[in-house]
Amino acid sequence: MDWNAVQDALPLLLEGFRTTVLATVLGILVAAVLGLATAMAGRAPTRLVTVPVKLLMEFVRSTPLLVQLVGAYAFFTSVDPLTIGIAVLGIHYATYTSEVYRAGIDAVPRGQWEACRALSMSPRRTWQAVVLPQAVRNVLPALGNYAISMFKETPFLAVITVEEMVFEARQYGADHFAYTEAFTLAGVIFLLASYPTSLMMRKLEKRLGH
């Protein structure tokens, strides 16, 4: 292990780490919002809405993330690769967060729905004041875990030329013939970022469970 190479590669990898974090934060925001919208659309009273939504979700879940990234990159040639990566990550994970939201919504006691109807609350008011606050609170740990999973899958963005951390590690390794140092450093940075976050999610899950 050449520690001089590690020290030399660190600034470059930290620059790529900023892109990795940006893609993760924006991607999970897209997944959270789109997943909620999809979960609510799946509860629509008409099959004209629910059937297309379910088919689209199954299609996205049944195709590899890497294939989706390459396909979107080839199709949207005029769009910035990072924007494509964020959108694909968000849409891909939205199919999973929607199931989490669905479970959170189903966990709201039926008596509360009936109480809202008894109080003549509008459907919009019922969702805003009663259902969504409880559902979102219940799914926060799961959303956090999906954010960690997304963070660890951002290296796929290198395939569409997004200069995230693994892309920078590969570039440094090729330029200085120091692949071991570059990729080991990238792995350590991933570990230092993801492991404490996973511990926080476990504590949050235990706290919300009480």
Side-chain angles (χ1 to χ4, degrees), residues 6 9-38 55-101 139 141-201:
V6 171
L10 182 59
L12 186 65
L13 265 64
L14 289 178
E15 185 66 27
F17 180 71
R18 291 176 56 188
T19 303
T20 295
V21 172
L22 177 64
T24 303
V25 171
L26 296 182
I28 199 62
L29 286 176
V30 172
V33 174
L34 187 58
L36 178 58
T38 304
L55 289 176
L56 181 60
M57 288 175 58
E58 288 301 323
F59 172 77
V60 174
R61 275 201 295 251
S62 300
T63 53
L65 175 60
L66 186 60
V67 173
Q68 295 169 12
L69 284 167
V70 173
Y73 181 66
F75 190 79
F76 299 102
T77 55
S78 61
V79 180
D80 176 62
L82 179 58
T83 302
I84 293 174
I86 292 170
V88 172
L89 282 172
I91 293 171
H92 183 83
Y93 273 87
T95 62
Y96 298 99
T97 59
S98 65
E99 291 300 311
V100 173
Y101 280 120
V139 304
L143 291 178
N145 290 330
Y146 277 125
I148 295 171
S149 297
M150 183 183 293
F151 173 70
K152 291 186 290 187
E153 289 195 335
T154 53
F156 284 132
L157 301 184
V159 176
I160 59 172
T161 71
V162 174
E163 297 179 1
E164 48 74 56
M165 186 165 57
V166 172
F167 180 94
E168 298 291 5
R170 185 177 61 184
Q171 287 294 104
Y172 184 88
D175 293 341
H176 299 84
F177 202 67
Y179 288 102
T180 300
E181 291 79 6
F183 281 105
T184 300
L185 181 57
V188 170
I189 294 174
F190 268 113
L191 177 63
L192 292 176
S194 61
Y195 184 66
T197 307
S198 66
L199 293 179
M200 289 173 57
M201 289 301 103

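Side chains are part of it too, since the values below use all heavy atoms of this structure and drop only hydrogens, waters and symmetry mates. Along the sequence shown, residues are numbered consecutively beginning with 1.
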Excluding sequence neighbours, so at least two apart, what forms side-chain contact (heavy atoms from CB on, under 4.5 Å) with [X]?
X   : answer
E15 : R18
T19 : L82, V162, E164
V33 : none
V88 : L65, Q68, L69, A72, I84

Side chain [X], main chain [Y], donor-acceptor under 3.5 Å:
X    : Y   : value
Y101 : A32 : yes
S62  : F59 : no
T38  : S98 : no

Checklist entry - Could you give all pairs that pass the salt bridge (charged side-chain N to carboxylate O under 4.0 Å, His left out) test and reach residues 84-98, with sequence neighbours left out? => result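 Non-adjacent pairs meeting salt bridge (charged side-chain N to carboxylate O under 4.0 Å, His left out): zero.
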Item to check | Qualifying salt bridge (charged side-chain N to carboxylate O under 4.0 Å, His left out) pairs with a residue from residues 74-93, counting only residues at least two apart or across chains | outcome: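 Residue pairs passing salt bridge (charged side-chain N to carboxylate O under 4.0 Å, His left out), neighbours aside: none found.
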Atom pairs and distances, side-chain donor-acceptor, residues 175-184, under 3.5 Å, sequence neighbours left out:
{"from": "H176", "atom 1": "ND1", "to": "Y172", "atom 2": "O", "distance (Å)": "3.3"}
{"from": "E181", "atom 1": "OE2", "to": "D2", "atom 2": "N", "distance (Å)": "2.9"}
{"from": "T184", "atom 1": "OG1", "to": "T180", "atom 2": "O", "distance (Å)": "2.6"}

List, one per line, each side-chain donor-acceptor pair under 3.5 Å for residues 186-199, sequence neighbours excluded.
{"from": "S194", "atom 1": "OG", "to": "F190", "atom 2": "O", "distance (Å)": "2.8"}
{"from": "T197", "atom 1": "OG1", "to": "A193", "atom 2": "O", "distance (Å)": "2.8"}
{"from": "S198", "atom 1": "OG", "to": "Y195", "atom 2": "O", "distance (Å)": "2.6"}

Tabulate below the donor-acceptor pairs under 3.5 Å that side-chain atoms of residues 147-158 make, not counting sequence neighbours, or state none.
{"from": "S149", "atom 1": "OG", "to": "N145", "atom 2": "O", "distance (Å)": "3.2"}
{"from": "E153", "atom 1": "OE1", "to": "Y93", "atom 2": "OH", "distance (Å)": "2.8"}
{"from": "T154", "atom 1": "OG1", "to": "F151", "atom 2": "O", "distance (Å)": "2.7"}

Checklist entry - Where do H92 and T95 come nearest, in terms of heavy atoms and distance? => result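 For H92 versus T95, the nearest heavy atoms are O-OG1, 2.6 Å.
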Checklist entry - Can you name the closest pair of heavy atoms from V100 and A142 and give their distance? => result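 Looking at all heavy atoms of both residues, the shortest contact is CG1-CB, 3.6 Å.
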Next on the checklist: Please report the interatomic distance CD1(I91) to CE(M57), rounded to the nearest 0.5 Å.
Outcome noted: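 Here the rounded value is 13.0 Å.
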Checklist entry - In Å, rounded to the nearest 0.5 Å, how long is the span from CD1 of I86 to CG of L26? => result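 Output value for this atom pair is 4.5 Å.
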Next on the checklist: Do V30 and L89 make a side-chain contact, defined as non-hydrogen atoms from C-beta onward lying under 4.5 Å apart?
Outcome noted: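 No, side chains not in contact.
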Item to check | Any pair counted as ring pair (Phe, Tyr, Trp, His ring centres under 6.0 Å), so long as it reaches residues 60-90, sequence neighbours left out | outcome: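 Passing the test, one end in residues 60-90: no pairs.
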